[in-house]
Amino acid sequence: MAGSYDDRDGKIWMDGQLIDWRNANVHILTHALHYASSVFEGERAYNGNIFLGRKHSERLHTSADLIDFEIPWSVDEIETAKKAVLEANGLTDAYVRAVAWRGVGEDMGVASARNPVRLAIAAWEWGAYYGDAKMRGAKLDISKWKRPSPETAPSQAKAAGLYMICTMSKHAAEAKGCSDALMFDYRGYVAEATGANMFFVKDGEVHTPTPDCFLNGLTRQTVIGMLKERQVKVHERHIMPEELEGFEQCWLTGTAAEVTPVGQIGDYNFEVGALTREIAEGYEKLVRR
């Protein structure tokens, strides 16, 4: 699929039914458009099966709860709808996007308790998120924006509003010829990329930031499990920026990113080493079982 995302053939599930792709629209006074009252999931289907699909649907509900609304479709209903979307579009290997939001209704201020909650699910073919970085390693900028304190935002929600500074950071990175940006947190610790978690390797052991103010990704959790199965020691801890110089390898994890090696962050360089390749290849096999 190519071209603008609003002008494609296919079907999108919206509020309980499959409709033509081009008709999947919302009113300009939709609350989420003005106040970011929206949560979403990004998922990948491999050989017709969505990897960790149910966990994604459960997290969608959790995210909605965290930003104070209830999705009127159960996890089971969402799972059924996702399968219907893949089938209707003839897709077996695809990216799946589920999004829930406060729609248009009687409220058009900050409060929106009387507005209905809506849900849509779309799917499309989407290749490697970072292009050829899986071979040579992605190049990352260092963002000027920091992940906020959990006292200022619901950091464990996959909420649209939390991605505003990610978009700004990635635009700045791309303007410098980079694929993405590393973000520090409000305390100055290494946090994550704009849409992916981070892992580092030193002396055969793995270090990854503690997800106490950013999303503990499902792919991140999967990769930690893979490492432990391989008897690789994993340190989940706060990482200072000056430690980047001492790490030998680095990779990103995320549903879209999958496992992507990193070759450079700012002035720091990393090798696409054996452990990075082993985990990337192991993940590719795992999701296609």
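These numbers come from a predicted model, not from an experiment.
A pairwise comparison of heavy atoms in Leu66 and Pro154 identifies O-CB, 4.2 Å as the closest pair. Here the closest heavy-atom approach between residue Ala191 and residue Arg147 is recorded as CB-CG, 3.9 Å. Shown here for Met183 and Ser169, the closest heavy-atom pair between the two residues is CE-OG, 3.8 Å. Pairing each heavy atom of Ile67 with each of Ala159, the nearest pair is CG2-CB, 4.1 Å. When every heavy atom of Cys213 is checked against every heavy atom of Pro150, the shortest pair comes out as CB-CD, 3.8 Å. The two residues Ala196 and Leu252 come nearest to each other via the heavy atoms CB-CB, 4.0 Å.
Distance alone, capped at 3.5 Å, is enough to place a donor-acceptor pair between the His34 side chain and the Ile28 backbone. Of the possible polar contacts, one joining the Arg102 side chain to the Ser112 backbone as a donor-acceptor pair under 3.5 Å is found. Remark: side-chain polar atoms of Ser143 are not paired, donor with acceptor, to backbone N or O of Leu182 under 3.5 angstrom. A distance-only check finds no donor-acceptor pair linking the side chain of Asp185 to the backbone of Val190 [under 3.5 Å]. Lys170 places no side-chain N or O within 3.5 Å of a backbone atom of Thr194 that could act as its donor or acceptor partner. Side-chain atoms of Asn115 come within 3.5 Å of backbone atoms of Asp107 as a donor-acceptor pair (strictly under, hydrogens ignored). Listed for the Asp180 side chain is no donor-acceptor partner under 3.5 Å among the backbone atoms of Leu140. With hydrogens and angles disregarded, no donor-acceptor distance shorter than 3.5 Å links the side chain of Arg54 to the backbone of Val75. In this structure, Asn197 contributes its side chain and Leu215 its backbone to a donor-acceptor pair below 3.5 Å. Checking side-chain atoms of Thr219 against main-chain N and O of Thr255 turns up a donor-acceptor pair under 3.5 Å.
At most 12 heavy atoms of other shown residues, nucleotides or ligands fall within 6.0 angstrom of atom CG in Asp267. The number of heavy-atom neighbours closer than 6.0 Å to CD of Glu242, taken from other residues, nucleotides and ligands shown, is above 12. Under a cut-off of 6.0 angstrom, the local environment of CH2 in Trp145 is sparse, with at most 12 non-hydrogen atoms contributed by other residues, nucleotides or ligands. Environment of CG in Asp68: sparse, with no more than 12 heavy atoms of neighbouring residues, nucleotides or ligands closer than 6.0 Å. By the 6.0 Å contact criterion, CE on Met240 is enclosed, its count of non-hydrogen atoms from other residues, nucleotides or ligands being greater than 12. Within 6.0 Å of the CD atom in Glu87, the count of heavy atoms belonging to other residues, nucleotides or ligands does not exceed 12.
Contact check for Asp212 versus Arg187: side-chain heavy atoms found under the 4.5 Å cut-off. Contact check for Met108 versus Tyr35: side-chain heavy atoms found under the 4.5 Å cut-off. Side chains of Met14 and Arg118 form a contact here, defined as non-hydrogen atoms less than 4.5 Å apart. Side-chain contact between Glu77 and Thr80: absent, with no pair of heavy atoms (C-beta onward) separated by less than 4.5 Å. The side-chain heavy atoms of Gln221 and Lys55, taken from C-beta on, include no pair separated by under 4.5 Å. Side chains of Asn216 and Gln156 form a contact here, defined as non-hydrogen atoms less than 4.5 Å apart. No side-chain heavy atom of Val26 sits less than 4.5 Å from a side-chain heavy atom of Val104. You'll find the side chain of Thr253 stays beyond 4.5 Å of the side chain of Thr208, heavy atoms only.
Following chains of ILVMFWY side-chain contacts shorter than 4.5 Å, one can reach Leu91 starting from Val85, so the two form part of one hydrophobic cluster. Taking hydrophobic clusters as Ile, Leu, Val, Met, Phe, Trp and Tyr residues chained together by side-chain heavy-atom distances below 4.5 Å, Val287 shares a cluster with Val223. Transitive grouping of hydrophobic side chains (ILVMFWY, heavy atoms separated by less than 4.5 Å) brings Ile71 and Val96 into a common cluster. Tyr189 and Phe214 are members of different hydrophobic clusters when ILVMFWY side chains are connected at heavy-atom separations under 4.5 Å. A continuous path of hydrophobic side-chain contacts links Leu29 to Val110 [ILVMFWY only; heavy atoms under 4.5 Å].
Taking the charged nitrogens against the carboxylate oxygens, Glu192 and Arg220 have no contact shorter than 4.0 Å, which rules out a salt bridge. Salt bridge Arg44/Asp93: absent, no basic N to carboxylate O contact under 4.0 Å. Salt-bridge annotation for Arg22 and Asp6: absent, with no side-chain N of the basic residue lying under 4.0 Å from a carboxylate O of the acidic one.
Note: Trp124 and Trp126 have tilted aromatic rings, judged against thresholds of 30 and 60 degrees for the angle between ring planes. Below 30°, between 30° and 60°, or above 60°: for Phe200 and Phe247 the angle between ring planes is below 30°, a parallel geometry. In this pair, Tyr46 and Phe51 present their aromatic rings perpendicular. The plane angle is above 60°, beyond the 30 to 60° band.
With Glu41 as the fixed residue, the salt bridge (Lys or Arg N to Asp or Glu O under 4.0 Å) test singles out one of Arg59, Arg97, Lys158: Arg59.
Atom CD of Glu258 is separated from atom CG of Leu286 by 11.5 Å, given to the nearest 0.5 angstrom.
Ring-centre distance between Phe40 and Tyr163: below the 6.0 Å cut-off.
Listed by first and then second residue, the ring pair (Phe, Tyr, Trp, His ring centres under 6.0 Å) pairs involving residues 61-87 are Trp13-Trp73 (not counting sequence neighbours).
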Report, one line per pair, each donor and acceptor closer than 3.5 Å where one atom sits in a side chain of residues 272-283; sequence neighbours left out.
from	atom 1	to	atom 2	distance (Å)
Thr276	OG1	Gln249	OE1	2.6
Glu278	OE2	Arg230	NE	2.9

